[in-house]
Number of protein chains: 2
Amino acid sequence: MESQEIEKLLLSKGVKPTPQRMVIAEFLIHTHSHPTAEEVLEEVSTKLPCALSRATVYNTLNSLVQAGVIQEVFTEPGKTRYDANISDHHHFVDVKSGKILDIPGDMVPKLQEQLGAKFKVHSYQITFYGELNEQ
Amino acid sequence: MESQEIEKLLLSKGVKPTPQRMVIAEFLIHTHSHPTAEEVLEEVSTKLPCALSRATVYNTLNSLVQAGVIQEVFTEPGKTRYDANISDHHHFVDVKSGKILDIPGDMVPKLQEQLGAKFKVHSYQITFYGELNEQ
DNA sequence: TACATATTTAGAATAAGTCTAAACTGAGAC
DNA sequence: GTCTCAGTTTAGACTTATTCTAAATATGTA
Ligand SMILES: [Mn+2]
Ligand SMILES: [Mn+2]
Ligand SMILES: [Zn+2]
Ligand SMILES: [Zn+2]
């Protein structure tokens, strides 16, 4: 995605595209690594001429979640990860490498209607733990 | 479950049933509330004639997870919850009350085989977020 | 009893995340 | 062009969940 498209995306979601927000959003949109806030800070601060504070990283991540530009991913205790892929998808944790891969929503059956009348499901999240097979 | 059964359970899993471990295991086995470590400490320390330290609560919870007597449940960032229900099941978070309910595994289709040859799934966890309907 | 080992303890340390109050920025109003 | 003000960023303090540490206790065995 081009920088200009990202700028338009933020504007369309009501987030003012400041330089700090732009570089964080660009990083998230261009990676598939599901980084933590700390990883975002490390990666992004090198690409910036000026300093970038921890508070701004957290503020920006929370704003982008709020605005629906990115989502939080919980796969392990004590750490929140961030994901610019907001399409219908789930996650596969390779327990060997710790890598987190996207599993498209259509690779699993739809579960929205499975729980009957008692539960009104807004959303659901499947986390798979396992190993990537060779090749 | 009787106290003696719980004692046998711990012994069978190689966990020595000390008084602290017993009272923590009993509390977890008798609740459906998916408590945090802090909640376990609060609840259990009132039932004990002596003091119970935070470290022992965390050590015991980790030992019980290790031994397969209980499992960790991640439904929100920054908090680990504990669950003595180790049967095949998933979780429903009522976003109004915050309550976490068990969803038996057979209420959703089996997903083990869905991901094809590339992924070897050891386990998976579905978290539903939504509302409980009336009645 | 004596010794070794496992367990528990209080409190220090760490790490993720939030809050605060001051400094900075940029878009109008004049 | 300066003034003003709301919004943003900042460094660092703070909070909270969890782990670590080193000393004290309990347990099991010889
Ligand atoms: Mn992608
Ligand atoms: Mn039950
Ligand atoms: Zn993803
Ligand atoms: Zn459960």
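Below, chains carry the letters A, B, ... as their sequence lines are ordered, and counting in each starts from 1. We use all heavy atoms of the structure for the numbers below, so side chains are in, but hydrogens, waters and symmetry mates are not. Fair warning: this is a prediction, and the values are worked out from it, not measured in the lab.
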key: Nucleotide nearest B:T80 when distance is taken to its side chain, options C:dT9, C:dG17, D:dT18   =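 Taking heavy atoms from C-beta onward, the closest nucleotide is D:dT18.
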query = Which of the following nucleotides, C:dT9, C:dT18, D:dT18, is nearest to the side chain of B:R54?
reply =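 For B:R54, the side-chain atoms sit closest to D:dT18.
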task = Test B:R81 against every option in B:H34, B:E76, B:E72 by the side chain to side chain donor-acceptor pair (under 3.5 Å) rule and name the one that passes.
result =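 With B:R81 as partner, B:H34, B:E76, B:E72 yield a single side chain to side chain donor-acceptor pair (under 3.5 Å), made by B:E76.
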Distance in angstrom units between [X] [atom1] and [N] [atom2], rounded:
X     : N      : atom1 : atom2 : answer
B:F74 : D:dA17 : CZ    : C1'   : 13 Å
B:K79 : C:dT18 : NZ    : P     : 12 Å
A:E39 : C:dA16 : CD    : C1'   : 13 Å
A:E76 : C:dA15 : CD    : C1'   : 13 Å
B:Q20 : D:dT25 : CD    : P     : 14 Å
A:L11 : D:dG7  : CG    : P     : 16 Å
A:R21 : C:dT25 : CZ    : C1'   : 12 Å
A:L41 : C:dA15 : CG    : P     : 15 Å

task = Would you please indicate yes or no on a ring centroid separation below 6.0 angstrom for B:H90 and B:Y124?
result =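 Ring centroids of B:Y124 and B:H90 are less than 6.0 Å from each other.
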ask   = Using the benzene-type ring in the case of Trp, are the ring centres of A:H32 and A:H30 under 6.0 Å apart?
value =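 Ring centres of A:H30 and A:H32 not closer than 6.0 Å.
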message = On DNA chain C, does the nearest nucleotide to A:A55 precede the nearest nucleotide to B:L48 from the 5' side, or the other way round? Give the residue.
response =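 By nearest-heavy-atom nucleotide position, the 5'-most residue is B:L48.
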query = Should A:Y82 and A:N62 be marked as a side chain to side chain contact (heavy atoms under 4.5 Å, CB included) after you check the CA-CA gap, both sets of side-chain angles, and the distance that decides it?
reply = CA-CA 10 Å; A:Y82 296 89; A:N62 288 336; 4.2 Å; yes
Phosphate OP1/OP2 of [N] contacted by [X] side-chain N/O (<4.0 Å):
X     : N      : answer
A:N59 : C:dG17 : no
B:T18 : C:dT8  : yes
B:Y58 : D:dT19 : no

inquiry  = Considering every strand and a 4.0 Å limit on heavy-atom distances, what is the contact class for B:T56: base, sugar-phosphate, or nothing?
reply    =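 Contact class for B:T56: base.
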